[in-house]
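Right, one structure below, let's go through it.
Naming convention: chains lettered A, B, ... in sequence-line order (proteins, then strands); numbering from 1 in each chain. Atoms considered below: every heavy atom in the structure, side chains included; atoms not considered: hydrogens, waters and symmetry mates. Keep in mind it's a predicted model, so treat the numbers as computed, not measured.
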Number of protein chains: 2
Amino acid sequence: MVVTGHTSSGGPAAPQGSQHKPASIRDVAQAAGVSYQTVSRVINDHPNVKEETRRRVEEAIESLGFRRNATAFALASGVTKTVTVLTSNTVLYGYAATLQGLEEAARAAGYSVGVRVLTPEDDLDRTIATAAAAGGGLVVIGFDRLGAAALDRVPSNVPCAAAVEAPPPGRTPPRPAVWVDDRTAARAATEYLLGLGHPTVHYVAIPASTGSRRSAAPRAEGWRQALIAAGVTPPPPTGKGWDAQAGYDAGRKLAGDPDVTAILCGNDDLALGVLRALHHAGRSVPGDVSVIGFDDAPHSQFITPALTTVRLDFQGLGRSAFGLLRGQLESDYQPPEPTLVGPQLVRRESTGSREA
Amino acid sequence: MVVTGHTSSGGPAAPQGSQHKPASIRDVAQAAGVSYQTVSRVINDHPNVKEETRRRVEEAIESLGFRRNATAFALASGVTKTVTVLTSNTVLYGYAATLQGLEEAARAAGYSVGVRVLTPEDDLDRTIATAAAAGGGLVVIGFDRLGAAALDRVPSNVPCAAAVEAPPPGRTPPRPAVWVDDRTAARAATEYLLGLGHPTVHYVAIPASTGSRRSAAPRAEGWRQALIAAGVTPPPPTGKGWDAQAGYDAGRKLAGDPDVTAILCGNDDLALGVLRALHHAGRSVPGDVSVIGFDDAPHSQFITPALTTVRLDFQGLGRSAFGLLRGQLESDYQPPEPTLVGPQLVRRESTGSREA
DNA sequence: GCGAGGATTGTGAGCGGTCACAACACGGCC
DNA sequence: GGCCGTGTTGTGACCGCTCACAATCCTCGC
């Protein structure tokens, strides 16, 4: 079945009813019988405007349907209420949710938000420069390698904040940033599994956001720490990718090993793939194997078995990142301490005690 | 387990290395010993500039790190290479994927993209005016009521294109728009189910994008037509929502009725919820009941049973919508005929013949 | 050797706002 | 009545770029 898409041109070629160009501040001034500066005062509500004058101007504004030209305002004032989000992905749950939270906060503050997707193909510096040229500030989503690289290259004179996977180890971060403590969360999840009686926990990793630094990926790190603290040698992590396919691939290998009874996954998509692989291999969840995801994507509670996972407050992350940026843009704005809901282990059906 | 989020301020309070304000066209002119207009000519590559002059100017541009100020350019030229997407959602798969396709096309064409989320709370007209004030054009994602309403209210003098659920019945649409023929797709999916031997097919609907118009929702319409053509009286559609929870709620009711053996869902999330409800009711899929989704979200093939669904080319939809807008913005750009991949029924594990 | 005409370059104005400052009005004070 | 301070309004310049047009330079043909 192939049915093609359709287009409609939108009626007869654009007779365009009212093609008047929009009223300017001077048009309003003329209509109200005042100078353009007075109009400017009214729209910025300066205190010193006689009440009656103000009323006249406001009427003129109303009747002409005047709206201040954002471009001209930006040029003259140097203020651009704009955030551009740099991200390598817009569809994956973590990214999309962060973006959503950010957009909401930005909208509430009267900012408009732009999105610019990062790809390995195009020149990072050029991309950043273009985004920065829009005025306003940047928020970089640095969950992955590409985003982290972009963050490193933002020129120091452009306002910028970031949502990252983890703080850069040791050195003070180059930029204001927010993150959730998923190292601790991963550790707790692993301990939970251990507490259930599983002799060890295997880890299906998401790609690291930093180079090959040892101390990198916090989720992996938390998992490792928990195992070591329990006196267990961490098995080699697997996984190479973000999506369910990658999870499936990793899961196939793990499923073949009868000693594998507990698997922690770097995100819910991976977990979904793992679940699938386990199913194909005839191993039951949670009977034979327990699986934990990460992120708590909306559908995770509806799959069968419902996925035990770590809920992360991506929306809050996006909101906070915006606040951090706003703090740089508006001198009199003091960003609130980020109030993220902490990571939370959501126990559902994919985990169970080891029936030894 | 509650672990809080973290922030880092980004080192000592912004010593801001090179706080020079960026070079302007006149700075470059001075450095190159020419007039600012010549610089303007170079950056717009006008033909009549002596080769040697051009070279000198280019060197000056390079050494000063000049980049044309986008705001000033927009103000002076009246050209804003900007698309603002109006959408009520950014996370649901159909929306996110459309946005993704659009962003990609826009980026390739040198446009920057803005996103503005529509909510029932804030004033539609004001929102639209704000978005339009950014210059550039609008693309409205009109899959739902809110989006469709927004589309209707975009003033006729602002360039705008739309991705919609279906063409407005009868009357020529107010705006250039793209859509996929999901009516036909729904019909084919229903016929497939009927062909499998199911006496009837139940439908779990997504919320309609138009008012209470009879001819509205194309997916529902296709389903209805297929049933009627087969001489079956369509059972009342259920469902009120977009997400898995809504699917689950609808699914519970359906699961209780032993006569229900085939269910078509308005999207994959609903299908997921339905699957879950069926599972809870102890009815097997596809043994007892067959389920078909709509959209083919990335995870649908990894759930168990893998979901039979209708794949829709949202990315193509986004790309085409952008093309349509671009056609209005650039007089010499002729948008290509949209080349969407047609809807396609992807048969997986959630459907099977009726074992009568 | 000189004028025509195209190639090159420069000047002025303006996009639609803002800022800084000057000008004018008014009332109260001595 | 003159002076001052405050409230109110208007003028000029400018943000960084584009447009339209004028000015200058060449090169060519006769």
Base, sugar-phosphate, or nothing for A/Thr38, non-hydrogen atoms under 4.0 angstrom?
sugar-phosphate

N/O (side chain, A/Ser35) to phosphate O (OP1/OP2, D/dG10) under 4.0 Å
yes

Check whether any side-chain N or O of B/Asn44 sits under 3.5 Å from a backbone N or O of B/His46 as a donor-acceptor pair, and report yes or no.
no

Between B/Ser77 (side chain) and B/Val79 (backbone), is there a donor-acceptor pair under 3.5 Å?
yes

Using a distance-only criterion (donor-acceptor N/O pair, under 3.5 Å, no hydrogens), is the base of C/dT9 paired with the side chain of B/Arg41?
yes

Sorted by chain and residue number, the salt bridge (charged side-chain N to carboxylate O under 4.0 Å, His left out) partners of A/Arg153 (sequence neighbours excluded) come out as A/Asp125

Tell me whether B/Asp45 contacts the main-chain N or O of B/Val42 through its side chain, where contact means a donor paired with an acceptor under 3.5 Å.
no

For DNA chain C, whose closest nucleotide is more 5', that of B/Tyr36 or that of B/Ala76?
B/Tyr36

Between atom CG in A/Leu75 and atom P in C/dC15, what is the gap in whole Å?
13 Å

Do you know the tightest heavy-atom contact between B/Leu146 and B/Leu118?
CD2-O, 3.5 Å

DNA chain D contacts among residues 50-57 of chain B, heavy-atom distance under 4.0 Å
none

Answer yes or no: does a side-chain N or O of A/Ser77 lie under 4.0 Å from OP1 or OP2 of C/dG17?
no

So, under a plain 3.5 Å distance rule, would you say the side chain of A/Arg26 forms a donor-acceptor pair with the base of C/dG17?
yes

B/Arg67 CZ to D/dG16 P, in whole Å, measures 17 Å

Looking only at D/dA20, D/dC17, C/dT18, the nucleotide nearest the A/Gln37 side chain is C/dT18

Counting side-chain heavy atoms from C-beta on, which of D/dC17, C/dG16, C/dT18 comes nearest to A/Asn69?
C/dG16

Please report the distance, rounded to the nearest Å, between CD in A/Gln30 and C1' in C/dG17.
17 Å

With axes from five pairs an end, tell me the bend angle of the helix from C/dG1-D/dC30 to C/dC30-D/dG1, nearest 10°.
70°

Ranking C/dG16, C/dA13, C/dT8 by distance to the side chain of B/Asn48, first place goes to C/dT8

A/Asp45 has an atom CG; how far is it from atom P of C/dT18, in whole Å?
12 Å

Can you check the B/Ile25 CD1 to D/dC19 P distance for me, whole Å?
11 Å

Using the side-chain heavy atoms of B/Phe73, tell me which of these nucleotides is nearest: D/dT18, C/dG17, C/dT18.
D/dT18

Ignoring hydrogens and angles, tell me if any N or O in the side chain of A/Thr53 forms a donor-acceptor pair with the backbone of A/Val49 under 3.5 Å.
no

For the backbone of A/Gly316 and the side chain of A/Ser320, can you confirm whether one donor and one acceptor N or O come within less than 3.5 Å of each other?
yes

Please report the distance, rounded to the nearest Å, between NE2 in B/His46 and P in C/dG6.
19 Å

Are A/Arg107 and A/Glu103 within salt-bridge range, i.e. N to O under 4.0 Å?
yes

Under 3.5 Å, side chain of B/Gln315 to main-chain N/O of B/Gln100, donor-acceptor pair present?
no

Can B/Glu52 and B/Arg56 be counted as an ion pair, charged N to O under 4.0 angstrom?
yes

